[in-house]
Amino acid sequence: MSTPIFNSLVYIHADESCLGNQFSDRATPGAAAGLVEAFDEKSGWTRRDYFISEPDTTNNRMALRSAIQGLSSLKGHCRVVFYSDSNYLIKGMKEWVHSWAKRGWKRKGGPIENLELWIELVRVAAKHSIEWRWVRGHAGDPKNEYVDMLATESARAGKNSRGLVDSGFEDWVIGEQEKERLMDFMDVPPREKFRADAKPPSPPLL
């Protein structure tokens, strides 16, 4: 399948899953997933999905990988609204990375968790203009619920999309509505004006 060129405002909805966090004596498989979409007045929505998995991981690691994977899938410079229910990811990109950079990529409490992934993410994010938006998880947001389902299924099955693939979002919505859920869902672009957050700082040389 050819990769679409997203040349307008792009929305990425991402989520992560980690199974068995309550256990300390076994592997915790996890995954990250996302829905990439853009709207055109004439042709409507263009949508693609992505998902990746790891056999033993953490929620925080998968949150970072959800952003790295989604932003890496875009060709050229894009304006991106990135939605996630991970405070770790959203606060990290809006606030923490700037403080860490001023301290020589260190934090007051000790070493930075997942430093290599943070560095990879700031490098990828620097190619785009991004607004990082936090969304409450498990609160009925259709697109957050959809990518949560994608991440959970990918973690259970150990699936990887290897790039962008045709999205199942619209069929999923139909299935939910047949169960009398999401009956008030309107498939229209958000009304909020795009406001890019500050560009990420330069990553350290490791």
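For Arg103, the CZ atom sits in a packed shell: over 12 heavy atoms of surrounding residues, nucleotides or ligands are nearer than 6.0 Å. Counted within 6.0 Å of NZ on Lys159, heavy atoms from surrounding residues, nucleotides or ligands total more than 12; the atom is thus considered enclosed. At most 12 heavy atoms of other shown residues, nucleotides or ligands fall within 6.0 angstrom of atom CD in Glu41. A 6.0 Å sphere centred on NZ of Lys199 holds more than 12 heavy atoms belonging to other residues, nucleotides or ligands.
Between the Ser73 side chain and the Gly70 main chain, a donor and an acceptor come within less than 3.5 Å of each other. In terms of modelled atom types and a separation under 3.5 Å, the side chain of Trp134 and the main chain of Asp85 share a donor-acceptor contact. In terms of modelled atom types and a separation under 3.5 Å, the side chain of Asn160 and the main chain of Arg162 share no donor-acceptor contact.
When all heavy atoms are compared, the tightest approach of Ala196 to Ser129 is CB-CB, 4.2 Å. Taking both residues in full, the closest heavy atoms of Ser154 and Ala31 are given as CB-CB, 3.7 Å, listed atom of the first, atom of the second, then distance. Contact detail for Phe185 and Gln177: the closest heavy-atom pair is CB-NE2, 4.3 Å. The two residues Trp45 and Pro189 make their nearest non-hydrogen contact at CZ2-N, 3.6 Å. Closest of all the heavy-atom pairs between Lys42 and Asp40 is N-OD2, 2.9 Å. Shown here for Glu192 and Pro190, the closest heavy-atom pair between the two residues is OE1-CB, 3.1 Å.
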**Message:** With side-chain contact (heavy atoms from CB on, under 4.5 Å) as the criterion, how do Trp132 and Val81 come out once you've worked through the C-alpha distance, each side chain's angles and the decisive distance to 0.1 Å?
**Reply:** CA-CA 6 Å; Trp132 300 93; Val81 181; over 6 Å; no

**Message:** I'd like to know whether Tyr146 forms a side-chain contact (heavy atoms from CB on, under 4.5 Å) with Asp49, so could you lay out the CA-CA distance, the side-chain angles of the two residues, the decisive distance to 0.1 Å, and finally the verdict.
**Reply:** CA-CA 10 Å; Tyr146 175 69; Asp49 294 343; 2.5 Å; yes

**Item:** Trace of the side-chain contact (heavy atoms from CB on, under 4.5 Å) decision for Leu89 with Leu121
**Value:** CA-CA 10 Å; Leu89 170 62; Leu121 177 53; 3.7 Å; yes

**Item:** Candidate pair Val165 and Phe51, rule side-chain contact (heavy atoms from CB on, under 4.5 Å), full reasoning
**Value:** CA-CA 9 Å; Val165 296; Phe51 41 88; 4.1 Å; yes

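Geometrically, Arg47 does not engage Phe169 in a cation-pi contact, judged by NZ or CZ lying under 6.0 Å from the ring centre and within 45° of the ring axis.
Ring geometry for His13 versus Tyr83: interplanar angle under 30°, hence parallel rather than tilted (30 to 60°).
The CD atom of Glu37 sits 10.0 Å away from atom CG of Leu9, with the distance rounded to the nearest 0.5 Å. Residue Asp56 holds its CG atom at 10.0 Å from CZ of Arg61, rounded to the nearest 0.5 Å. Expressed to the nearest 0.5 Å, how far CG of Asp187 lies from CG of Leu182 amounts to 11.0 Å. Rounded to the nearest 0.5 Å, atoms CG (Leu35) and OG (Ser167) are 5.0 Å apart. Summarising the geometry, atom OG belonging to Ser53 is positioned 13.5 Å from atom CZ belonging to Arg156; distances are rounded to the nearest 0.5 Å. If you take CG on Leu64 and CD1 on Ile119, they are separated by 11.5 Å, rounding to the nearest 0.5 Å.
For the salt bridge (charged side-chain N to carboxylate O under 4.0 Å, His left out) test with Arg65, the passing option among Glu54, Glu116, Glu16 is Glu54; the others fail.
For the pair Thr57/Cys18, a side-chain contact is recorded, criterion being any heavy-atom separation below 4.5 Å from C-beta on. Contact of the Arg48 side chain with the Asp166 side chain is registered, since non-hydrogen atoms from C-beta on lie closer than 4.5 Å. Between Leu117 and Asn60 there is no side-chain heavy-atom pair separated by less than 4.5 Å. Tyr88 has its side chain within reach of Glu113: a pair of non-hydrogen atoms, C-beta onward, lies under 4.5 Å apart. In this structure the side chain of Trp172 reaches within 4.5 angstrom of the side chain of Glu145, judged on heavy atoms. Between Lys127 and Leu71, the closest side-chain pair of non-hydrogen atoms is not below 4.5 Å. When side chains are defined from C-beta on, Leu150 does not count as touching Asp15, because their heavy atoms never get closer than 4.5 Å. When side chains are defined from C-beta on, Met93 does not count as touching Asp197, because their heavy atoms never get closer than 4.5 Å.
In the hydrophobic clustering of ILVMFWY residues, with side-chain heavy atoms under 4.5 Å counting as a link, Ile12 and Leu164 come out together. Under a hydrophobic-cluster definition in which Ile, Leu, Val, Met, Phe, Trp and Tyr are linked whenever side-chain heavy atoms come within less than 4.5 Å, directly or via other members, Met62 and Phe82 are assigned to different clusters. Tracing side-chain contacts under 4.5 Å through hydrophobic residues (I, L, V, M, F, W, Y), one never reaches Trp118 starting from Ile52; they form parts of separate clusters.
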